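This report refers to the structure that appears directly beneath it.
All chains are named by letter (A, B, ...) in the order of the sequence lines, taking the proteins before the strands, and each is independently numbered beginning at 1. Bear in mind the structure is a predicted one, so any value in this text is a computation, not a measurement.
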There are 2 protein chains.
Amino acid sequence: MTIHYKEKTFFTGKDLALSVIGGRWKIAIIWCLLQQSPLRLSEIQRKLPEVNQRMLIRQLRELEEDKIITRSVYPVVPPKVEYQLSEIGLLLEPVVTSICDWGDNFAEFLEEDADKIAVN
Amino acid sequence: MTIHYKEKTFFTGKDLALSVIGGRWKIAIIWCLLQQSPLRLSEIQRKLPEVNQRMLIRQLRELEEDKIITRSVYPVVPPKVEYQLSEIGLLLEPVVTSICDWGDNFAEFLEEDADKIAVN
DNA sequence: TACAATACTGACATATTTGTCACTATATGG
DNA sequence: CCATATAGTGACAAATATGTCAGTATTGTA
């Protein structure tokens, strides 16, 4: 398999996937949109207060370019823009879920580790 | 949930997970070790020729610090060091698998997209 | 006229990650 | 004595990612 995408060459689906979902906040954004959809920019901001707006918009733009999400603009005032996962974006659910699950597991593991040290 | 780890605070397992497996080559390394284990440094290098040695070692060190992999040194000459996934590391299998699967899917999607344009 | 709400963009600074180059150690075989 | 193989390390450069600040547009309402 060889895919040329955005001036780069990928030899595996894995590498291609990572190039697309690897951004600092992308999994978080996708996670939000899996829970509720569509969402307006201001709503995503409220759900992810750690991300500054500029960064959030950049990540959204990249996801849109990569066709992971769609962006719908409503010509009203004040402006209204809605984001939602595309068909291929929705298929990221197992990725997000498995990451969340493993992370919870790892958190437990760290706590047990800390307990062991505390007991000694 | 609040976890303090490596001078940082995490509020979700997802964020914790991403901080640990987010490195440029970490998923690739874990993928290698899921396929075959244990592996020596030189073997991983052969499987991942795009990664330079310095970088590979750094990512291995971090994975070791995070207890995702174990490192066994054999006091022989020339030196022999073996890496393998820990128990918690092995649990990353669903993460790696789902990323690979989605990536393959996305690659197909991109090809179909390209075809559509070619047909028009 | 000024302000509010929403969804941005541009220029730039800073931080973090990644890559490169040169270097070390060791015992064996030639 | 020299080269070889393996598994590194240190110092630094470069690239990339992320964050900050200020500014734009729209139009209904006070």
Before you tell me yes or no, could you show the steps for A:Ser86 and A:Thr70 under side-chain hydrogen bond (donor to acceptor under 3.5 Å, both in side chains), namely the whole-Å CA-CA distance, both residues' side-chain angles and the distance that decides it to 0.1 Å?
CA-CA 6 Å; A:Ser86 67; A:Thr70 60; over 6 Å; no
Straight-line distance of [X] [atom1] to [Y] [atom2], nearest 0.5 Å:
X       : Y       : atom1 : atom2 : result
B:Leu33 : B:Tyr83 : CG    : OH    : 10.0 Å
B:Ile30 : B:Gln59 : CD1   : CD    : 9.5 Å
A:Leu60 : A:Met55 : CG    : CE    : 10.5 Å
B:Leu39 : B:Arg46 : CG    : CZ    : 10.0 Å
A:Arg54 : A:Ile57 : CZ    : CD1   : 7.0 Å

Are any side-chain N or O atoms of B:Glu43 and backbone N or O atoms of B:Arg40, one a donor and one an acceptor, separated by less than 3.5 Å?
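Yes; judged by distance alone, with no hydrogens or angles, the pair exists.
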Considering only distance and modelled atom types, tabulate donor-acceptor pairs under 3.5 Å from the side chains of residues 13-20 of chain A, sequence neighbours left out.
{"residue": "A:Asp15", "atom": "OD2", "partner": "A:Thr12", "partner atom": "OG1", "Å": "3.0"}
{"residue": "A:Ser19", "atom": "OG", "partner": "A:Leu16", "partner atom": "O", "Å": "2.8"}

Does anything in residues 85-104 of chain A pair up under ring-ring contact (aromatic ring centres under 6.0 Å, His included), and if so which pairs, sequence neighbours excluded?
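Every ring-ring contact (aromatic ring centres under 6.0 Å, His included) pair that includes a residue of residues 85-104 of chain A, provided the two are not neighbours, is A:Trp102-A:Phe106.
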Applying ring-ring contact (aromatic ring centres under 6.0 Å, His included) as the test, list every pair that has at least one member in residues 10-45 of chain B; sequence neighbours left out.
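Sorted pair list comes back empty.
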Over all heavy atoms of both residues, which pair between [X] and [Y] is shortest? Give the atoms and the distance, please.
X       : Y       : answer
B:Ser37 : B:Gln84 : OG-CB, 3.0 Å
A:Val51 : A:Leu56 : CG1-N, 3.8 Å
B:Ser98 : A:Pro94 : OG-O, 3.8 Å

Please work out which residues in [range] have a non-hydrogen atom less than 4.0 Å from an atom of DNA chain C and list them by number.
range                     : result
residues 72-79 of chain A : A:Pro78, A:Pro79
residues 6-17 of chain B  : none
residues 53-61 of chain B : B:Arg54, B:Met55, B:Arg58, B:Gln59
residues 41-52 of chain A : A:Leu41, A:Ser42

Terminal axis angle for the helix from C:dT1-D:dA30 to C:dG30-D:dC1, five pairs an end, nearest 10 degrees:
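Between the first-five-pair axis and the last-five-pair axis there is 30°.
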Range on DNA chain C touched by chain B, heavy atoms, distance below 4.0 Å
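In short, chain B contacts DNA chain C from C:dT18 to C:dA27.
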Please list every donor-acceptor pair under 3.5 Å in which a side-chain atom of residues 62-69 of chain A meets a protein atom from a residue at least two apart or in another chain.
{"residue": "A:Glu62", "atom": "OE1", "partner": "A:Lys26", "partner atom": "NZ", "Å": "2.6"}
{"residue": "A:Glu65", "atom": "OE1", "partner": "A:Lys6", "partner atom": "NZ", "Å": "3.4"}
{"residue": "A:Asp66", "atom": "OD1", "partner": "A:Tyr5", "partner atom": "OH", "Å": "2.7"}
{"residue": "A:Asp66", "atom": "OD1", "partner": "A:Lys6", "partner atom": "NZ", "Å": "2.7"}
{"residue": "A:Lys67", "atom": "NZ", "partner": "B:Asp113", "partner atom": "OD2", "Å": "2.7"}

Answer yes or no: is there a side-chain heavy-atom contact under 4.5 Å between A:Thr9 and A:Ile3?
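Sidechains of A:Ile3 and A:Thr9: no contact.
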Among side-chain atoms of B:Lys47 and B:Gln36, is any donor-acceptor pair under 3.5 angstrom?
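Checked: B:Lys47/B:Gln36 side chains pair up, N/O donor to acceptor below 3.5 Å.
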Around atom CD of B:Gln35, are there more than 12 heavy atoms of other residues, nucleotides or ligands at under 6.0 Å?
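Atom CD in B:Gln35 is packed in, count exceeds 12.
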For B:Ser72 and B:Val81: C-alpha separation, side-chain torsions, deciding distance, then whether side-chain contact (heavy atoms from CB on, under 4.5 Å) applies.
CA-CA 6 Å; B:Ser72 314; B:Val81 177; over 6 Å; no
Residue closer to the 5' end of DNA chain D, B:Arg71 versus A:Arg24 (nearest nucleotide)
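In this pair, the answer is B:Arg71.
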Taking heavy atoms of chain B and a 4.0 Å limit, find me the 5'-most and 3'-most nucleotide of DNA chain D within that range.
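Range of nucleotides within reach of chain B: D:dA5 to D:dA11.
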Is there a path of hydrophobic side-chain contacts, each under 4.5 Å between heavy atoms of I/L/V/M/F/W/Y residues, joining A:Val73 to A:Leu41?
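Yes, because A:Leu41 and A:Val73 connect within a single hydrophobic cluster, where side-chain heavy atoms sit under 4.5 Å apart.
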Going by the rule salt bridge (charged side-chain N to carboxylate O under 4.0 Å, His left out), which residues pair with B:Glu108 if we only count those two or more places apart in sequence or in a different chain?
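Checked B:Glu108 against salt bridge (charged side-chain N to carboxylate O under 4.0 Å, His left out); zero matches.
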